[in-house]
A.B. asks: 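One structure is given below, represented as structure tokens, and several questions about it will come after.
By convention in this document, chain letters (A, B, ...) are assigned in the order of the sequence lines, proteins followed by strands, and residues within each chain are numbered from 1.
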Amino acid sequence: MTTRRLTHLKTYTAGTLFILPAFVLFAVFILIPLVYGLVMSFTDYGGFNVKPNFVGFDNYAKLVKDDYFIVSLKNNLIYTLLFVPLTMLLALLSAVALNNILHLRKYLRMAFYFPYITSMVSIAIVWGLLFNPLSGPINHILQAIGIDNPPQWLMSSQWALIAIVLVAVWKSFGYYMVILLAGIQGIPEHLYESARLDGASRFKQFLYITLPSLSPTLFMVLVLTIINSFQVFDLVSVMTDGGPGRSTNVLVFRIYQEAFINYKMGYSAAMSTVLFLIIMIISIIQFRLERKWVTY
Amino acid sequence: MEAITKSKWDRPAYLLVIMLLIAFSIATLFPFLWMISTSLRTDVDLFKNPMNWIPSSLYLNNYQEVWTAIPFGQYFLNTFKLTVIITVLQVIICSMAAYAFAKLKVPFKKTVFLLFMTNLMMPWHSIMVPQFSVVSELGLYNTHTGYVLIQLFSGFGIFLMRQFFMSLPNELNEAARVDGYSEWQIFWRIAMPLSAPSLSTFAIFTFTFMWNDYLAPLIYLNDDSLKTLQLGLKAFQTEHTMDYGLLMAGTVLATIPMIVVFLLGERFFIQSVATTGMKN
């Protein structure tokens with residue numbers, strides 16, 4: 001009896017000790033900052049050793065009227081609205097195409113996936129040169145095929161955000177393609193067999209079997225791409241630095257500038273709370289809608 | 001061949017799809033090809049004939065110059081050191097926690113696990129400002145230690161490893177206990193060696209992420225002697241806007257380690273992505 005209890009106690013101790021390092025790290029570097037951030041957003045904390053004052057909802061009241069913040073939020077929404085459908089479309093098309101071929105599949109999967117693992121900074125530098133309106137190859141190609149006035153890309157406040165979206169789509173569609181490809185390969189073959197017996201065309205098979213069976217995966221990719229689109233920073237920082245003007249300033253970039261360049265920690269903590277709420281709302285909507293929309 | 005007949009592809013349509021895919025893959029890889037080609041040319045050559053992408057003669061000076069133009073070697077070493085330390089520690093710490101969740105008794109196990117998993121939903125960006133304050137108050141701003149500590153917890157890693165450890169039969173642990181193994185010994189001598197494929201997936205995932213990390217080093221590392229490759233590249237870009245060849249030689253060198261890791265561990269990459277698909 002005693003020995004048994006002892007071993008029980010021992011297994012409890014072991015489990016606790018095994019989890020302890022991860023728990024301490026989680027508590028100190030994630031949980032405490034989370035709570036601390038909320039508290040900070042109600043102060044005028046400016047970093048360093050200056051004593052912060054409690055300012056109530058002032059930061060949030062200021063946010064609603066802050067043009068710069070609203071512009072960055074608007075830019076981020078435009079980015080999301082372009083990035084999400086483009087990425088999903090490209091990922092789905094390439095996944096379906098890859099699933100339907102026999103040759104070169106491995107090479108093609110690697111080629112499409114490869115940009116995803118390279119660093120944002122490197123590819124942002126490369127694309128910055130590619131997009132150069134005068135000396136970059138993109139406009140040389142556009143001129144060669146007869147477009148006389150190609151866009152000024154990163155130098156133009158109308159085109160810069162679009163250029164960044166294009167690079168982001170190029171970089172990440174392969175990742176979502178691999179997720180979708182795994183989903184497509186999980187669809188039971190007998191569903192297609194019976195459809196073929198009924199004489200359904202390839203397109204109809206895609207429409208009535210692949211798409212509905214893939215809906216849980218598609219839904220997950222939708223949520224992942226949306227959440228991802230609110231974290232864009234590296235491309236903006238390297239390619240445009242938020243410019244020209246404010247035309248590519250996005251949410252995380254704005255938070256970064258306020259916190260680490262202007263040292264308005266309290267104010268940027270309020271912005272961070274907004275970002276946190278956006279992601280939370282998306283996650284809650286995901287939970288709610290998952291059962292309604294997704295057909296299994 | 002079998003699948004072609006099975007799904008009634010006619011040959012021309014099949015060839016067309018393959019051709020389109022090949023063209024698309026070359027377009028996808030074009031920026032990398034251009035990057036390599038540009039790194040091997042003089043700037044004069046590049047501006048004289050921008051459409052001529054295949055260099056007439058190989059010009060290797062850029063690769064020599066880049067080491068002296070910025071403290072490239074220092075950045076390289078820093079990145080390598082940080083990436084390896086973080087990968088090793090993160091894999092060990094998260095595997096330990098995952099093993100406890102899968103096989104051991106832990107007080108409030110479910111609650112703690114759910115708490116940990118909130119990390120999967122919550123982007124780091126939304127806590128980076130207060131986290132910076134916490135790290136500064138601990139006196140760890142502008143130190144490698146501070147940067148390492150914030151990276152060691154991974155909800156994804158714990159989830160991935162727990163899935164694997166749960167698939168191990170409990171009889172294995174019981175037999176080992178009867179043989180007098182402590183839980184620590186069971187973890188290191190039995191569970192970890194068996195989980196090599198999952199560990200590789202996890203390690204490769206972390207390695208890639210850390211090698212390419214930009215925003216966290218930007219916030220946490222201020223001294224030149226502490227900076228990483230990504231920060232170095234960014235500073236390099238600001239200073240040498242027009243030295244295309246030099247700039248591209250730098251990005252090629254910074255990308256090579258990732259290419260090697262990718263070619264060696266392609267199947268683990270694919271696995272880690274497929275796991276994301278299963279998470280749902």
Side-chain angles (χ1 to χ4, degrees), chain A residues 11-12 14-16 18-19 21-22 25-26 29-30 32-34 36-37 40 97 101-104 108 110-112 114-115 117-123 125-127 129-130 135 137 140 175 178-179 182-183 216-217 220 227 231 233-234 238 252 255 259-260 265 268-269 272 275-276 279 283, chain B residues 3-4 7 17-18 21 25 28-29 31 34-35 47 50-51 93-94 96-97 99-100 104-107 112 116 119 121-123 125-127 129-131 133-134 149-150 152-153 158 183 208 211-212 214-215 219 230 233-234 237 244 247 251 254-255 258 262 266 269-270 273-274 276-277 280:
Chain A
T11 34
Y12 242 120
T16 312
F18 268 71
I19 277 185
L25 287 166
F26 178 79
F29 297 106
I30 294 170
I32 290 175
L34 196 65
Y36 191 42
M40 241 163 91
I101 60 164
L102 287 171
H103 304 90
L104 294 172
L108 290 166
M110 269 171 97
F112 295 148
F114 184 66
I117 60 130
T118 53
S119 93
M120 277 288 190
V121 176
S122 310
I123 62 110
I125 294 174
V126 177
W127 278 98
L129 302 187
L130 292 174
S135 52
H140 284 287
Y175 171 76
V178 173
I179 298 181
T217 320
M220 188 192 67
I227 291 180
Q231 297 171 33
F233 174 87
D234 300 7
V238 179
V252 174
I255 294 174
F260 302 108
M265 304 297 260
S268 65
S272 305
L275 173 64
F276 184 76
I279 306 284
S283 300
Chain B
I4 296 181
S7 47
V17 171
I18 291 266
L21 280 169
S25 76
T28 306
L29 295 178
W34 189 83
M35 165 174 104
F47 286 107
M51 290 299 278
I93 288 170
C94 293
M96 278 168 62
Y99 182 76
L104 300 175
K105 288 200 165 182
V106 181
V112 177
F116 278 13
N119 182 236
M121 310 277 248
M122 186 178 59
H125 305 77
S126 64
I127 58 157
V129 176
Q131 188 191 53
S133 298
V134 170
L149 282 174
I150 62 158
L152 292 183
F153 180 88
I158 293 177
E183 293 301 334
T208 316
W211 188 271
N212 294 334
Y214 171 63
L215 181 49
I219 294 173
Q230 308 303 335
L233 281 178
K234 162 69 177 145
Q237 181 219 26
Y244 280 25
L247 203 50
T251 51
T255 312
M258 274 335 299
F262 181 63
E266 201 248 357
F269 275 106
I270 300 300
V273 183
T276 321
N280 218 29

A.B. asks: If I take atom CE from residue B/M122 and atom CD1 from residue A/I30, how far apart are they, to the nearest 0.5 angstrom?
C.D. replies: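 So the CE of B/M122 and the CD1 of A/I30 are separated by 5.5 Å.
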A.B. asks: Would you check if the side chain of B/N212 reaches a backbone N or O of A/M120 as a donor-acceptor pair within less than 3.5 Å?
C.D. replies: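 Side chain of B/N212 to backbone of A/M120: no pair is present.
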A.B. asks: Hey, which of A/P21, A/A97, A/S122 has the most heavy atom pairs under 4.5 Å with chain B?
C.D. replies: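 Ranked by contacts with chain B, first place is A/S122.
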A.B. asks: For chain A, which candidate among B/A100, B/A97, B/P130 shows the most heavy-atom pairs at distances under 4.5 Å?
C.D. replies: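 The answer is B/P130.
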A.B. asks: Among A/I279, A/L108, A/V121, A/L129, which has the most heavy-atom pairs under 4.5 Å with chain B?
C.D. replies: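 If we count pairs closer than 4.5 Å to chain B, A/L129 comes out on top.
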A.B. asks: For B/F153 and A/F29, I'd like to know if the aromatic rings sit close, meaning centre-to-centre distance below 6.0 Å.
C.D. replies: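 B/F153 vs A/F29: aromatic centres not under 6.0 Å.
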A.B. asks: Could you tell me the separation between the OG1 atom of B/T28 and the CZ atom of A/F112, rounded to the nearest 0.5 Å?
C.D. replies: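 So the gap between those two atoms works out to 5.0 Å.
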A.B. asks: Among A/F26, A/Y36, A/F260, which has the most heavy-atom pairs under 4.5 Å with chain B?
C.D. replies: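 The candidate making the most pairs under 4.5 Å is A/F26.
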A.B. asks: Examine whether an atom of B/L149 lies under 4.5 Å from a heavy atom of chain A, and if so say whether it belongs to the side chain, the backbone or both; otherwise answer neither.
C.D. replies: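 It is both, since atoms from each part get that close.
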A.B. asks: Minimum heavy-atom separation for B/I158 and A/A22, please, with both atom names.
C.D. replies: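 Looks like CD1-CB, 4.4 Å.
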A.B. asks: For B/E266, is it the side chain, the backbone, both, or neither that has a heavy atom closer than 4.5 Å to a heavy atom of chain A?
C.D. replies: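 Only the side chain of B/E266 comes within 4.5 Å of chain A.
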A.B. asks: Under 4.5 Å from any heavy atom of chain B, what part of A/L34 do you find: side chain, backbone, both or neither?
C.D. replies: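 When you check distances to chain B, atoms from both the backbone and side chain of A/L34 fall under 4.5 Å.
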A.B. asks: Supply the atom-to-atom distance B/H125 NE2 to A/S272 OG, rounded to the nearest 0.5 angstrom.
C.D. replies: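 Separation between the atoms: 11.0 Å.
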A.B. asks: When rounded to the nearest 0.5 angstrom, what distance separates CD1 in B/I18 from CD1 in A/I101?
C.D. replies: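 Output value for this atom pair is 4.0 Å.
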A.B. asks: Between A/I125, A/I255, A/I227, A/V252, which shows the greatest number of heavy-atom pairs under 4.5 Å with chain B?
C.D. replies: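 Top count of heavy-atom pairs under 4.5 Å with chain B: A/I125.
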A.B. asks: Which distance, rounded to the nearest 0.5 Å, do you find between the CZ of A/F114 and the CE of B/M258?
C.D. replies: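 Atom-to-atom, A/F114:CZ and B/M258:CE are 8.5 Å apart.
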A.B. asks: Would you find a donor on one side and an acceptor on the other, under 3.5 Å apart, between the side chain of B/Q237 and the backbone of A/V238?
C.D. replies: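 Yes.
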A.B. asks: Relative to chain B, which segment of A/M40 carries a heavy atom at a distance below 4.5 Å: side chain, backbone, both, or neither?
C.D. replies: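 When you check distances to chain B, only side chain atoms of A/M40 fall under 4.5 Å.
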A.B. asks: If you compare all heavy atoms of B/L104 against all heavy atoms of A/A14, which two are closest, and at what distance to 0.1 Å?
C.D. replies: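 Of all heavy-atom pairs spanning B/L104 and A/A14, the closest is CD1-C, 4.1 Å.
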A.B. asks: Please flag which part of A/A259 lies under 4.5 Å from any non-hydrogen atom of chain B: side chain, backbone, both or neither.
C.D. replies: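 Looking at A/A259, just its side chain touches chain B.
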A.B. asks: Examine whether an atom of A/F276 lies under 4.5 Å from a heavy atom of chain B, and if so say whether it belongs to the side chain, the backbone or both; otherwise answer neither.
C.D. replies: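 Interface part for A/F276: both.
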A.B. asks: Would you mind reporting whether A/S119 and B/Y214 have side-chain heavy atoms less than 4.5 Å apart?
C.D. replies: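 No, side chains not in contact.
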A.B. asks: May I ask you to name which of A/I123, A/L275, A/T118 has the most heavy-atom pairs under 4.5 Å with chain B?
C.D. replies: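 Of A/I123, A/L275, A/T118, A/T118 has the most heavy-atom pairs under 4.5 Å with chain B.
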A.B. asks: Of all of B/V112, B/I219, B/L233, which one pairs up most often with chain A through heavy atoms under 4.5 Å apart?
C.D. replies: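 Of the options given, most contacts go to B/I219.
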A.B. asks: Please look at B/S25 and chain A and tell me whether the side chain, the backbone, both or neither of the residue comes under 4.5 angstrom of a heavy atom of that chain.
C.D. replies: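 Contact with chain A is through both the backbone and side chain of B/S25.
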A.B. asks: Nearest 0.5 Å, please: how far is NZ in B/K105 from OG1 in A/T16?
C.D. replies: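 Spacing of OG1 (A/T16) from NZ (B/K105) equals 11.5 Å.
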